[in-house]
Protein chains: 2
Amino acid sequence: MRRDIFQAIADPTRRAIIALLALQAMTPNGIAEHFDSTRQAISKHLRILTECELVKQEHQGREIYYHLEIQKMKEIDKWLEQFRKLWEIRFDQLDNVLSNLKKNKK
Amino acid sequence: MRRDIFQAIADPTRRAIIALLALQAMTPNGIAEHFDSTRQAISKHLRILTECELVKQEHQGREIYYHLEIQKMKEIDKWLEQFRKLWEIRFDQLDNVLSNLKKNKK
DNA sequence: ATTTTAAGAAACCAGTTGGTTGCAAATATA
DNA sequence: TATATTTGCAACCAACTGGTTTCTTAAAAT
């Protein structure tokens with residue numbers, strides 16, 4: 001199945017997992033302790049995150065540590081880039097409005 | 001139904017609609033012309049985008065213009081903020097590695 | 001060697017999604 | 001007024017989602 005990072009971050013549980021893994025690599029059981037749902041549910045989320053290469057596995061004995069591929073997160077940032085210009089322009093306009101208000105006050 | 005912006009941008013068609021509306025406000029029919037699917041399908045996407053307040057309607061006679069609420073996009077940027085630090089650190093480390101390689105070469 | 005533990009895989013289920021078609025309301029035009 | 005256009009809404013459908021339970025494999029501990 002075709003996975004992409006935007007689909008991956010659509011789920012709030014997965015966003016929470018991403019935030020956890022940003023701090024340190026963890027095992028599925030370790031992650032599951034932070035949530036109400038079962039290990040298997042977490043495991044499915046991890047599979048989706050793995051499929052879109054947002055996380056990577058690291059086998060250590062019978063434990064599997066998952067760690068975040070932080071570089072992948074930049075894809076979102078890259079997509080946002082095209083809009084960042086726009087909202088900065090709006091801010092500039094707001095600045096103008098504010099300074100005009102100030103002038104009129106004087 | 002509870003909508004959030006992350007779910008809204010999960011669908012590639014919706015991301016394309018957002019990109020279109022970033023350029024100019026458009027009617028459902030106008031938007032649908034850019035895609036293969038039916039107007040009704042686009043209309044459903046617009047409803048989802050409206051529910052999470054990413055787009056706003058502007059009635060003009062019997063036409064409804066949809067325009068992007070660019071400020072809302074900043075929510076994604078805000079969420080990314082916590083990770084931006086991390087990937088910048090990685091870049092710094094890479095810089096160090098590169099300059100060390102350079103030194104050793106001399 | 002047996003038992004415990006960590007984790008993935010498969011089967012299943014209810015709810016959601018993205019899409020369709022058909023219809024009704026509102027506005028514009030003849 | 002009658003007709004055409006733009007749009008939203010409801011009903012329906014197949015596919016996907018997030019979750020569960022059960023089972024298997026493999027490593028570690030006893």
Side-chain angles (χ1 to χ4, degrees), chain A residues 1-21 23-69 76 79, chain B residues 1-21 24-69 72 76 79:
Chain A
M1 199 176 311
R2 193 81 187 79
R3 297 282 179 200
D4 75 41
I5 193 173
F6 292 99
Q7 210 205 324
I9 63 165
D11 184 87
T13 304
R14 281 198 291 272
R15 286 202 299 281
I17 291 175
I18 290 170
L20 268 179
L21 295 184
L23 303 175
Q24 57 178 321
M26 295 180 80
T27 63
N29 268 326
I31 296 166
E33 282 170 14
H34 289 77
F35 299 93
D36 284 337
S37 49
T38 58
R39 179 190 61 81
Q40 278 84 348
I42 301 298
S43 228
K44 275 185 138 187
H45 285 307
L46 285 172
R47 194 156 69 90
I48 289 168
L49 292 170
T50 304
E51 278 172 5
C52 74
E53 299 187 298
L54 243 174
V55 306
K56 285 268 156 64
Q57 301 182 333
E58 203 182 319
H59 292 255
Q60 269 184 32
R62 70 182 163 188
E63 291 179 332
I64 299 178
Y65 281 85
Y66 285 82
H67 63 90
L68 188 62
E69 281 291 303
I76 305 166
W79 180 72
Chain B
M1 196 177 312
R2 193 81 188 78
R3 297 281 180 200
D4 75 40
I5 192 173
F6 292 99
Q7 210 205 323
I9 64 165
D11 184 86
T13 304
R14 281 197 293 270
R15 286 201 299 282
I17 292 175
I18 290 170
L20 268 178
L21 295 184
Q24 55 179 321
M26 295 179 80
T27 63
N29 268 327
I31 296 167
E33 281 169 15
H34 289 77
F35 298 93
D36 285 337
S37 49
T38 58
R39 178 191 61 80
Q40 280 84 347
I42 300 299
S43 228
K44 275 187 135 187
H45 285 307
L46 285 172
R47 195 156 68 91
I48 289 169
L49 292 171
T50 304
E51 278 172 5
C52 74
E53 300 187 295
L54 242 172
V55 306
K56 286 266 157 64
Q57 301 182 333
E58 203 180 321
H59 292 255
Q60 268 185 29
R62 71 182 163 189
E63 291 179 333
I64 299 177
Y65 280 86
Y66 285 83
H67 64 90
L68 189 61
E69 281 292 302
K72 193 76 181 178
I76 305 166
W79 181 72

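As the structure is a computational prediction, the values presented were derived from the model and not from experiment. Below, read A as the first sequence line, B as the second, and so on, with proteins coming before strands; counting in each chain starts at 1. Below, each value reflects all heavy atoms present in this structure, side chains not excepted, and no hydrogens, waters or symmetry copies.
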Taking atom C1' of C/dG19 as reference, at what distance in whole Å does atom CG of B/Leu46 sit? 15 Å
Between D/dT17 and A/Arg3, is there an OP1 or OP2 to side-chain N/O distance shorter than 4.0 Å? yes
Rounded distance in Å - CD (B/Glu58) to C1' (D/dT7): 16 Å
In whole angstroms, the gap separating P of D/dT7 from CD of B/Gln60 amounts to 11 Å
Minimum-distance pair of heavy atoms, taken over all atoms of A/Leu54 and A/Leu68: O-CD1, 3.4 Å
Consider the side chain of A/Lys44, meaning its heavy atoms from C-beta on, and name the nucleotide among C/dT20, D/dT7, D/dG18 that approaches it most closely. D/dG18
Taking CG from B/Asp4 and P from C/dT17, how many angstroms apart are they, rounded to a whole number? 11 Å
Drop me the distance from A/Met26's CE to A/Leu46's CG, to the nearest 0.5 angstrom. 10.5 Å
Note, B/His67 side chain near B/Glu58 side chain (heavy atom, < 4.5 Å): yes
Counting only side-chain N and O atoms of B/Arg14, is one of them less than 4.0 Å from OP1 or OP2 of C/dG18? yes
Expressed as a whole number of angstroms, how long is the span from A/Arg47:CZ to D/dG19:C1'? 13 Å
Counting only side-chain N and O atoms of B/Asn29, is one of them less than 4.0 Å from OP1 or OP2 of D/dT5? no
B/Tyr65-B/Gln57 side chain donor-acceptor pair, cut-off 3.5 Å: no
Classify the side chain of B/Arg62 versus the base of D/dT7 as yes if they form a donor-acceptor pair under 3.5 Å and no if they do not. no
Examine distances only and state if a side-chain atom of B/Arg14 and a backbone atom of B/Ala8 form a donor-acceptor pair shorter than 3.5 Å. yes
State whether A/Tyr66 places a side-chain N or O below 4.0 Å from either non-bridging phosphate oxygen (OP1 or OP2) of C/dG8. yes
Please determine if B/Arg15 and A/Asp4 form a salt bridge, counting it only when a charged side-chain N lies under 4.0 Å from a carboxylate O. yes
Checking contacts here: which listed nucleotide (C/dG18, C/dT20, D/dT20) is nearest the side-chain heavy atoms of B/Ala41? C/dT20
Rounded to the nearest Å, what distance is computed from the CZ atom of residue B/Phe6 to the P atom of nucleotide D/dG18? 15 Å
Rounded to whole Å, how long is the line connecting atom CD of A/Glu51 with atom P of D/dG18? 11 Å
Could you say whether A/Glu63 or A/Ala10 is positioned toward the 5' end of DNA chain D, judged by the nucleotide with the nearest heavy atom to each? A/Ala10
With a 4.0 Å limit, can you tell me whether A/Ser43 has a side-chain N or O closer than that to the phosphate oxygens OP1/OP2 of C/dA7? no
Classify B/Gln57 by what it touches in the nucleic acid, base, sugar-phosphate, or nothing, heavy-atom distance under 4.0 Å. sugar-phosphate
To the side chain of B/Thr38, which of C/dA7, C/dT20, D/dT6 is closest? C/dT20
Phosphate OP1/OP2 of D/dT7 contacted by B/Thr27 side-chain N/O (<4.0 Å): yes
When we call it a touch if two heavy atoms are under 4.0 Å apart, what does A/Ile48 touch: a base, just sugar-phosphate, or nothing? sugar-phosphate
Let's see if you can work this out: which of C/dG19, D/dA27, D/dG8 has an atom nearest to the side-chain heavy atoms of B/Pro28? D/dG8
What is the distance, to the nearest angstrom, from the CZ atom on B/Arg39 to the C1' atom on C/dG18? 16 Å
Touch class at under 4.0 angstrom, heavy-atom based, for A/Gln40 against every strand present: base
The side chain of A/His45 is closest to which nucleotide in this list: D/dT7, C/dT21, D/dG19? D/dG19
Taking only side-chain N and O atoms of A/Gln7, does any of them lie within less than 4.0 angstrom of OP1 or OP2 on D/dT17? yes
